[in-house]
Amino acid sequence: MDFDFTEEQKLLRTGVRELLRKECPREMVRLWDSQGMWPAPLYDVLARHGYLGVGVDPRYGGSGGDIVSQAIVCEELAYAAQSCAIPWLNTVCFGGQSIMSVGTEEQKSFFLPPLCRGEMRFAISITEPGGGTDVLSHLDTRAWRENGHWVIQGRKIFTTGADIAHYLLVLARTTPRSLVSKPAEGVTLFLVSTQSVGLSLREVDVITFRCIKTFEVAYDRVAVDDFHVLGHPDEGWSAILHTLNNERILLAALNVGIAQAALDDAIAYAKQREAFGRPIAAFQRIAHYLAEAYIAVDTARLATYRAAWMQAKGLPCGVEATLAKLVAAEAAWRAADSGMQVMGGYGFATDSDMQRYWRDARLARIGPVTNEMALNIVAKALGLPRAW
């Protein structure tokens with residue numbers, strides 16, 4: 001296995017890094033965070049440079065590449081501006097990846113070119129208010145045929161970026177649970193326009209990723225035609241599994257980016273901050289904080305790109321993608337929490353980036369799949385009795 005990037009991937013990383021250094025200086029990222037502004041201008045710049053089309057076939061206006069290329073872009077985005085990493089991930093993963101994987105030729109031709117141009121954004125809407133990680137057993141949102149189209153009724157929670165999305169990826173039960181043998185059967189995946197009659201948003205105020213808002217979405221007899229069914233009716237769970245693996249890999253890359261940013265800031269602070277006549281980096285406990293964080297970040301990066309490599313090769317990688325998400329979430333938390341400890345009171349100051357890394361990293365341990373559920377998935381893969 002070759003862990004080195006290809007020359008094309010190295011150029012991709014350098015290009016993204018240089019663009020972000022130019023387009024989103026730290027003071028701009030802090031402004032976006034303090035004012036809760038999603039950085040639309042930066043998103044447009046990413047589109048113009050082809051970074052929204054990574055992973056999309058050039059036939060549809062994309063830049064080509066695979067999940068490894070997507071992970072590279074996501075890591076660099078998260079390192080510089082977490083505020084833009086989430087909208088980018090939403091669209092590239094839940095829009096581009098889902099449609100490229102299971103969409104028809106007509107759907108690819110309709111959705112992908114404007115997606116790559118930055119004119120069409122996506123978000124995912126699958127979590128039920130009473131379900132959380134247990135999506136299928138608490139899938140109360142229903143859809144049925146009526147007068148030649150589908151009608152969706154229900155509610156979803158924690159739909160991040162719904163207000164700036166043009167389409168939501170929605171999972172609904174289309175065959176009653178009593179008529180199927182497994183919870184994964186009888187569910188359908190839809191692409192629902194956020195302009196649909198009967199669709200409404202209620203903001204859920206959260207303390208992390210302030211630049212992109214989170215919502216509860218109500219679907220009150222929302223009508224959807226057959227063109228907006230992704231995959232086959234009643235087979236939505238199998239259609240979305242590839243996307244969920246893709247999501248976990250990209251979230252792992254995102255958390256590696258946050259972790260690296262926190263580690264770099266903590267190291268720089270420890271080298272210049274003096275106490276008792278010498279830089280605090282000279283104190284063994286401070287050095288150990290930083291060394292332990294480095295080990296966690298490096299391990300997370302290896303796990304992330306191994307999972308990405310496996311998916312790019314078409315190998316089964318559900319466990320590896322879940323493992324990467326878990327390891328990267330813990331690495332981001334360790335790096336940010338250690339950074340807060342190293343910086344002391346200065347880490348809590350709003351003109352410090354460490355408190356933002358800390359907020360964002362904490363979310364990674366509980367969403368979109370909790371680290372405890374990730375451990376359950378790994379345990380099941382080991383042949384241990386199912387615990388949920």
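Atoms considered below: every heavy atom in the structure, side chains included; atoms not considered: hydrogens, waters and symmetry mates.
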I'd like to know whether [atom1] of [X] has more than 12 heavy-atom contacts from other residues, nucleotides or ligands below 6.0 angstrom.
| X | atom1 | value |
| --- | --- | --- |
| Y79 | OH | yes |
| Q284 | CD | no |
| K213 | NZ | no |
| Q341 | CD | no |
| F158 | CZ | no |
| H149 | NE2 | yes |
| M120 | CE | yes |

Would the distance check show the side chain of [X] and the main-chain N or O of [Y] forming a donor-acceptor pair, the cut-off being under 3.5 Å?
| X | Y | result |
| --- | --- | --- |
| E185 | V180 | no |
| S83 | C211 | no |
| S34 | L31 | yes |
| E119 | L115 | no |
| K156 | I126 | yes |
| T159 | A162 | no |
| S98 | G95 | no |

- Message: What verdict does the side chain to side chain donor-acceptor pair (under 3.5 Å) test give for T243 and E247, after you've listed the backbone C-alpha separation in whole Å, the side-chain angles of each residue and the deciding distance to 0.1 Å?
- Response: CA-CA 6 Å; T243 295; E247 177 195 26; over 6 Å; no
Between [Y] and [X], is there a side-chain heavy-atom distance shorter than 4.5 Å?
| X | Y | result |
| --- | --- | --- |
| I124 | L168 | no |
| D44 | R48 | yes |
| I86 | L254 | yes |
| L42 | C24 | yes |
| P129 | E216 | yes |
| L89 | L251 | yes |
| V319 | T322 | no |
| L323 | R306 | yes |

- Within 45° of the six-membered ring axis of F283 and under 6.0 Å from that ring's centre, is NZ or CZ of R278 located there? yes
Check: [X] ring centre within less than 6.0 Å of [Y] ring centre:
| X | Y | answer |
| --- | --- | --- |
| F110 | F227 | yes |
| W150 | F190 | yes |
| Y60 | F111 | no |
| Y305 | F5 | yes |

State, without any angle test, whether [X] and [Y] hold a side-chain donor-acceptor pair at a distance under 3.5 Å.
| X | Y | result |
| --- | --- | --- |
| Q311 | N245 | no |
| H228 | D225 | yes |
| K325 | N371 | yes |
| E128 | T141 | yes |
| S200 | Y219 | no |
| W144 | E146 | yes |

What is the minimum heavy-atom distance between [X] and [Y], and which atoms define it?
| X | Y | answer |
| --- | --- | --- |
| L230 | G103 | CD1-CA, 3.8 Å |
| T194 | L199 | O-CD2, 3.8 Å |
| A266 | L290 | CB-CD2, 3.7 Å |
| A364 | A329 | O-CB, 3.4 Å |
| W32 | A81 | CZ3-CB, 4.4 Å |
| A328 | A300 | CA-CB, 3.6 Å |

Which value, rounded to the nearest 0.5 Å, describes the distance between [X] atom [atom1] and [Y] atom [atom2]?
| X | Y | atom1 | atom2 | value |
| --- | --- | --- | --- | --- |
| N255 | Q82 | CG | CD | 9.5 Å |
| F94 | F122 | CZ | CZ | 12.0 Å |
| C93 | M100 | SG | CE | 13.5 Å |
| R17 | L77 | CZ | CG | 12.0 Å |
| I212 | C84 | CD1 | SG | 9.0 Å |
| D226 | T104 | CG | OG1 | 11.0 Å |

- Task: May I have the step-by-step check of side chain to side chain donor-acceptor pair (under 3.5 Å) for T91 and R121, ending in yes or no?
- Result: CA-CA 5 Å; T91 292; R121 295 180 295 275; 6.0 Å; no
- Name of the residue among E7, E76, E18, E8 meeting salt bridge (charged side-chain N to carboxylate O under 4.0 Å, His left out) with R13: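 Only one option passes, and that is E76.
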Is [Y] paired with [X] through a side-chain N to carboxylate O contact shorter than 4.0 Å?
| X | Y | result |
| --- | --- | --- |
| D33 | R359 | yes |
| D234 | R173 | no |
| D140 | R155 | no |
| D351 | R30 | no |

- Task: Please test E372 against N376 for side chain to side chain donor-acceptor pair (under 3.5 Å), starting from the C-alpha separation and ending with a verdict.
- Result: CA-CA 6 Å; E372 290 77 11; N376 284 337; over 6 Å; no
- Message: For K10 and D4: C-alpha separation, side-chain torsions, deciding distance, then whether salt bridge (Lys or Arg N to Asp or Glu O under 4.0 Å) applies.
- Response: CA-CA 9 Å; K10 291 175 183 177; D4 197 15; 3.4 Å; yes
